[in-house]
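Predicted model only: the values in this text are computed from it and were never measured.
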Amino acid sequence: MVFVTGATGFLGAHLVAHLLQQGESVKAMHRKTSSFAQFNYILGLYDGAQDAAATRLEWSVGDLLDLEYLENILVGVKQVYHTAGFVSFDKRKSKGINKINSLGTANLINACLDVPG
């Protein structure tokens, strides 16, 4: 089982589609507010990925700032791809960007280290 953060984003969606096309089972994390329009479009670009998604793709609503969630979702996962991130050119959002991108990444790394695998 593979875990992908940021699965509804541009990079994450291509990664999930490719992994499914290659026969992997995928747990994919998204936020409650995520749109699936881009993901569904990208999935359609990969032969067989839509069919594979029906049986080998498991969605999970999560937050990189929730360490307990991360530790629970990583049970049974053998590989992690971290493509989630908060991007903005608005200087007023810099605090949120740093929190998600720095603390969220640190949480994911710590969860990977803490979960027996």
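- Under the 4.5 Å side-chain contact rule for hydrophobic residues, L70 and W59 do not share a cluster.
- Members clustered with V87: none, using a 4.5 Å side-chain heavy-atom cutoff among hydrophobic residues.
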Review item, side-chain donor-acceptor pairs of residues 103-111, under 3.5 Å, at least two apart:
unit_1	atom_1	unit_2	atom_2	d
T105	OG1	H82	NE2	2.9
T105	OG1	N101	O	2.7
N107	ND2	L64	O	3.0
N110	ND2	A106	O	3.2

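- Distance check: S94 OG to F86 CZ gives 9.5 Å after rounding to the nearest 0.5 Å.
- Hydrophobic clustering (side-chain heavy atoms under 4.5 Å, transitive across Ile, Leu, Val, Met, Phe, Trp, Tyr) groups M29 together with V77.
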Between H30 and F39, does the ring-ring contact (aromatic ring centres under 6.0 Å, His included) criterion hold? Intermediate values first, please.
CA-CA 11 Å; H30 69 92; F39 176 83; 9.5 Å; no

Side-chain polar contacts of residues 7-28 - donor-acceptor pairs under 3.5 angstrom, sequence neighbours left out - could you list them?
unit_1	atom_1	unit_2	atom_2	d
H14	ND1	Y46	OH	2.7
Q21	NE2	D47	O	3.2
K27	NZ	I73	O	2.9
K27	NZ	V75	O	3.3

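- Residues satisfying the side chain to side chain donor-acceptor pair (under 3.5 Å) criterion with S34, sequence neighbours excluded, are absent altogether.
- Across every non-hydrogen atom of A53 and L43, the tightest pair is CB-CD2, 3.9 Å.
- Taking F3 as the reference, nothing meets the ring pair (Phe, Tyr, Trp, His ring centres under 6.0 Å) condition, with sequence neighbours excluded.
- Linking Ile, Leu, Val, Met, Phe, Trp and Tyr residues whenever their side-chain heavy atoms come within less than 4.5 Å places V4 and L57 in a single cluster.
- Membership of an apolar cluster is not assigned to L67, as no side-chain contact below 4.5 Å to another ILVMFWY residue is traced.
- Applying the salt bridge (charged side-chain N to carboxylate O under 4.0 Å, His left out) test to D90 and every residue at least two apart in sequence or in another chain returns R92.
- Applying the side chain to side chain contact (heavy atoms under 4.5 Å, CB included) rule to D63 yields the partners L65, D66; only residues at least two apart in sequence or on another chain are considered.
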